[in-house]
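Scroll down for the structure; my scribbles are underneath it.
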Amino acid sequence: VQLQASGGGLAQTGGSLRLSCLASGLTLGSYAVAWFRQAPGKERVGLSWISSTASTTYFTNSVKGRATVSRDNAKNMVYLQINSLNSEDAAVYYCAARSVTKSGGYDWTNWRLYDYWGQGTLVTVSS
């Protein structure tokens with residue numbers, strides 16, 4: 001089982017990035033997926049969450065209104081686009097998956113509750 005996050009790199013302040021998360025070895029449609037990021041010296045922070053069917057999405061306040069999350073279960077892919085980038089967006093971005101068989105509500109921002117993690121993709125923002 002592997003999640004592979006990609007799409008990071010150098011972006012300009014005010015620009016946009018689209019990150020991708022490709023799953024292999026599992027049927028991503030059976031998982032909710034979240035995006036987290038971690039800046040140097042800081043804790044891992046939940047950014048966005050998308051349900052297995054894409055019927056529900058959540059965003060943390062820091063990206064709400066300038067980020068979109070989507071998925072293509074046929075391709076085993078989840079995407080995160082962030083617009084209007086600023087210096088605080090510079091971090092390593094991770095995708096994580098949690099099985100829908102784990103019923104009940106949970107705090108989607110709690111990184112400890114996810115079953116699988118991608119390796120991270122680095123986003124650098126230059127002014």
Least distance between heavy atoms, [X] atom then [Y] atom:
X      : Y      : answer
Arg66  : Ser84  : NH1-O, 3.3 Å
Leu113 : Asp107 : CD1-O, 3.7 Å
Cys95  : Ala5   : SG-CB, 4.1 Å
Ser62  : Arg37  : OG-NH2, 3.7 Å
Asp115 : Ser99  : OD2-N, 2.7 Å
Gly120 : Val92  : CA-CG1, 3.8 Å

Worksheet item: Counting only heavy atoms not in Gln119, do more than 12 sit closer than 6.0 Å to its CD atom?
Response: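 Yes, CD of Gln119 has more than 12 neighbouring heavy atoms, counting only those of other groups under 6.0 Å.
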Worksheet item: Does atom NZ of Lys75 have more than 12 heavy-atom neighbours from other groups under 6.0 Å away?
Response: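 Not more than 12 within 6.0 Å, no.
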Discussion item. Run Thr109 and Val45 through side-chain contact (heavy atoms from CB on, under 4.5 Å) and show every step you take.
Written reply: CA-CA 7 Å; Thr109 65; Val45 176; over 6 Å; no
Practice prompt. Before giving the answer on side-chain contact (heavy atoms from CB on, under 4.5 Å), spell out for Arg71 and Leu28 the whole-Å C-alpha distance, their side-chain angles and the decisive distance to 0.1 Å.
Written response: CA-CA 9 Å; Arg71 65 191 300 159; Leu28 199 58; 3.6 Å; yes
Discussion item. Let me check something: do Tyr94 and Ile82 share a hydrophobic cluster, defined by ILVMFWY side-chain heavy atoms less than 4.5 Å apart, either directly or through other members?
Written reply: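 The answer is no; the residues belong to distinct hydrophobic clusters.
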Report yes if the side chains of [X] and [Y] come closer than 4.5 Å at any heavy-atom pair, otherwise no.
X     : Y     : answer
Leu85 : Leu17 : yes
Ser48 : Gln81 : no
Val78 : Ile50 : yes
Cys21 : Gln4  : no
Leu47 : Phe36 : no

Item to complete: Start with the C-alpha distance between Ser24 and Asn76, add both sets of side-chain angles, then the distance that settles side-chain contact (heavy atoms from CB on, under 4.5 Å), and finish with yes or no.
Response: CA-CA 7 Å; Ser24 58; Asn76 256 14; 6.0 Å; no
Worksheet entry | Chi angles and distances behind the side-chain contact (heavy atoms from CB on, under 4.5 Å) call for Trp49, Thr56 | CA-CA 8 Å; Trp49 180 95; Thr56 303; 3.9 Å; yes
Discussion item. Between Arg98 and Tyr114, is there a side-chain donor-acceptor contact under 3.5 Å, judged purely by atom types and distance?
Written reply: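 No donor-acceptor contact under 3.5 Å links the two side chains.
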Discussion item. Can you see whether Asn86 engages Thr13 through a side-chain donor-acceptor pair at a distance of less than 3.5 angstrom?
Written reply: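 Judged by distance alone, the side chains do not pair up.
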Practice prompt. Classify the ring geometry between Trp111 and Trp117 as parallel (under 30°), tilted (30 to 60°) or perpendicular (over 60°).
Written response: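 Trp111 vs Trp117 ring planes: perpendicular.
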Worksheet item: Looking at Val69, Leu19, Asp72, which hits side-chain contact (heavy atoms from CB on, under 4.5 Å) with Tyr79?
Response: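 Among Val69, Leu19, Asp72, the one that satisfies the side-chain contact (heavy atoms from CB on, under 4.5 Å) with Tyr79 is Asp72.
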